[in-house]
Amino acid sequence: MSTTQTVKTTCPYCGVGCGVIATVAADSSVTVRGDPEHPANYGRLCSKGSALAETLGLEDRLLVPSVHGRDTSWDAALDLVAATFSATIAKHGPDSVAFYVSGQLLTEDYYAANKLMKGYIGSANIDTNSRLCMASSVAGHRRAFGSDTVPGCYEDLELADLVVLVGSNLAWCHPILYQRIAAAKERRPQMKVVLIDPRETATAAIADLHLAIRPDGDVALFTGLLAYLIRNGFADESYIAANTTGFAQAMGVALDLRETDVCAHTGLSPDVLQSFFQMFSARERAVTVYSQGVNQSVSGTDKVNAIINCHLATGRIGKAGMGPFSVTGQPNAMGGREVGGLANMLAAHMDIENATHRSFVQRFWQSPRIASKPGLKAVDMFKAVDEGRIKALWIMATNPAVSMPQADAVAAALAACPFVVVSDVTDQTDTARYAHVQLPAATWGEKDGSVTNSERRISRQRPFLRTPADVRPDWWIICEIAKRMGFRDAFSYAGPAEIFAEHAALSAFENGGSRDFDIGSCAKLDPAAYEALAPFQWPRRANGESTERMFANGGYFTADKKARFVPTGLAAEERETPDFPLTLNTGRIRDHWHTMTRTGKSERLSQHYAEPFVEIHPDDAWHYRIADADLVRVSTGLGAILVRALVTLRQQRGSIFVPMHWNDQFASSARVDCLVPGITDAISGQPASKNVPARMERFIAATYGFAVLRRKPTLVQAEYWAIAKCNGGWRVEFAVAGIPPDCPAFARELLGKASDPVVYQDTETGRMRFATYDNGYLTGMLFLAPEPVAASREWAIAQLAAANPISGKRNAVLAGRPGADAIDRGATICACFGIGANEISDAVARGCCTVAAVGEATQAGTNCGSCRPEIKRIIHENALAKAV
Ligand code: SF4
């Protein structure tokens, strides 16, 4: 009998929600592959999904509960948490406590947390980090549709004749959706793609038109589009009359706009605007996909409604290949919305301000109380912690000391909070250091529950690993605390199947088609049926009624069943000041996730970008005297960070971009969210993590360094450092303001005691190099120079990972680059096969002029496909270079 175990589960990263098949071999090794039957991905996985097996190790895991830094028993930890929350509520009232939760939680975890806070504690002070991701979409949906409904499905992206991508670097942030669109475009070349983004991101590789819009110019753009559609007879008058209200007001505002204002607010020329407007009006099958570039803004909700207005006006909603389409960043942002994980929502998409809804939920739960007003949204919640109004805070599965705006102020508030509980899979986060109590939670592979993806599809996340002895699932931790707070009966679940069935029953409770979220068909699911549950889209009502698309014939969830137009105007505002003349945008990169707690464990995911960086347009780089690979201090009114310069024409003049992933575990000073002010959209409460006024200057170091070493470095004595896992160990980049007074001692401290060091020193240039060996095997290499070190990183890593002793060329490694007989692979582009930019350029120079040809020659791009946009760019750049 084979002992190999195969389990179908779901990827824990982004909102695409790809199906994964995990196989555990007899020797406990795990492999993952895409689930060919899952409707989100049909077998594909991106670079992050493909590397999931590399992130499952127990290193860095939190494995035992602790109180004040000391290991303790579960009983002691749970008793303390329950007693402290109960005492705080008794003394200061229910609003003196809060939960800050996460889109990493499964729906069952989320459901229990929300039930405890809103129905039993009696406060709505539970908010989720999804507030930072898509709260503006929720608010926009509710204003327009009366419910938080995504009307379409992924298939629409393939059926559309026009896909408009707004503020969405789909190629890196939702790679499988990008690949589905790219494949559809290849099958139907007449299909058009428009990218609306201040940067020419990797997604531009499939765009027929790129609108390099001014940050926050989206409201003006889509209001301008609405005016164009109306003026040129593209409005669908019968749909508008039958299914909407408020058109006249929205039309009035739109027609009042002057083209010059739209141009000024978008930064786009009349010709470019006309091209886009004509493309949109000429293609009935149009989908507008939007993401954080729309949501993370002071005008995020208006942006969403400006987009929805154009679809309502043309009746392009809920039909095959048509509709507005919000895609979420987190794997279970949608599930969190469904159970009321946002402070202004009730469970099952019900409204906290609606007395009837409150009555439904309280009667269903038979709870002693029900929150009667919205709770504190994320930014306000941490302000309340800072002001001492929140006295006990429980943070579940997230890292607000890195990811919240004003991250330093958040960290200070946590440090001053009388009682902080953190339940997470690791204690290696910037937030965990402020916890009075740490509770070890189960991670992906151990967790059992469900998630909902961006197309309203609910999928199971199933366990395939043994949970470590003292680790517990989140739902269990929440229920145990609830029981100890006196709510035993309401939280005595046998397992996640029971919680899911209750969640489903609540969604159907006194619903009768009046509410969008209804999965009544699952209300009687037993554990066996729950175990076998196949992915499905909601709604799926008790009578079996279901639909892939909503609103083609109206049926909105407002009192009159009609959608509402929301008048929108220009909305962009000048935020730059003379002191901070640049616009800082934050975002994600291809191979990292959130604050790197998971992807930072993978060697191959850490190679694409091994350091925090700032993208700068060449003109700005010249103006600020910054060269590629220099170090740059980026600052706002709140502080400064230190990152590597990446000078590129893909960036817009006057704008800079810094990724949001790096934290104090991986870099000296790169938490970009400590630069972002806690300014929010007035309707959604979502912070404006983009369009932040900033400035930058070159950081001049006296000594720059690069090292590779076997063990993880413990301390790097430098103003700047960044570490990343690599094949065979770790790579380190650093820079110090002065010359290390004792370079050999510095080298010893970084590389460890070497039994057999080799040293090279050039007194004329000030360069020094060290190599350490153990029995002929390289254990570390260090390069010091008065300028950014020019050694080939990929080559150095290959020496560290070499399977054989280096004997015979112990000095040769100090050259820092391969000999004439070997190729320097260059920066990693294809993470799956470790193919570098130089290898791809080389293949292109040898005549490979398509992505497929490069793949055939090098293997690059032939597995997950996430690097194909970059391969396409290299081909394009080579062609341009040849033409000049
Ligand atoms: Fe995971 Fe990638 Fe699919 Fe997102 S696109 S769910 S990260 S495999």
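We count ligands from 1, going down the list as the structure has it; atoms in each ligand are counted the same way.
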Would you please name every residue forming a side chain to side chain donor-acceptor pair (under 3.5 Å) with His311, sequence neighbours left out?
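Side chain to side chain donor-acceptor pair (under 3.5 Å) list for His311, sorted by chain: Thr288.
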What number of protein N, O or S atoms occur at distances under 2.8 Å from atom 3 (Fe) of ligand 1?
1
Find out whether the Lys NZ or Arg CZ of Arg460 is both under 6.0 angstrom from the six-membered ring centre of Tyr530 and within 45° of the ring's axis.
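Yes; both conditions hold, so Arg460 lies above the ring face of Tyr530.
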Taking the cut-offs as 6.0 angstrom to the six-membered ring centre and 45 degrees off its axis, would you call Arg180 and Tyr154 a cation-pi pair?
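No, Arg180 does not sit over the ring of Tyr154.
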Got a donor-acceptor contact below 3.5 angstrom from the Thr203 side chain to the Leu170 backbone?
yes
Counting only N and O atoms by type, is there a donor-acceptor contact under 3.5 Å from the side chain of Thr443 to the main-chain atoms of Val425?
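No, Thr443 side chain to Val425 backbone: no donor-acceptor pair under 3.5 Å.
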Does Thr426 form a side chain to side chain donor-acceptor pair (under 3.5 Å) with Asp424? I'd like the steps, not just the answer.
CA-CA 6 Å; Thr426 175; Asp424 208 337; over 6 Å; no
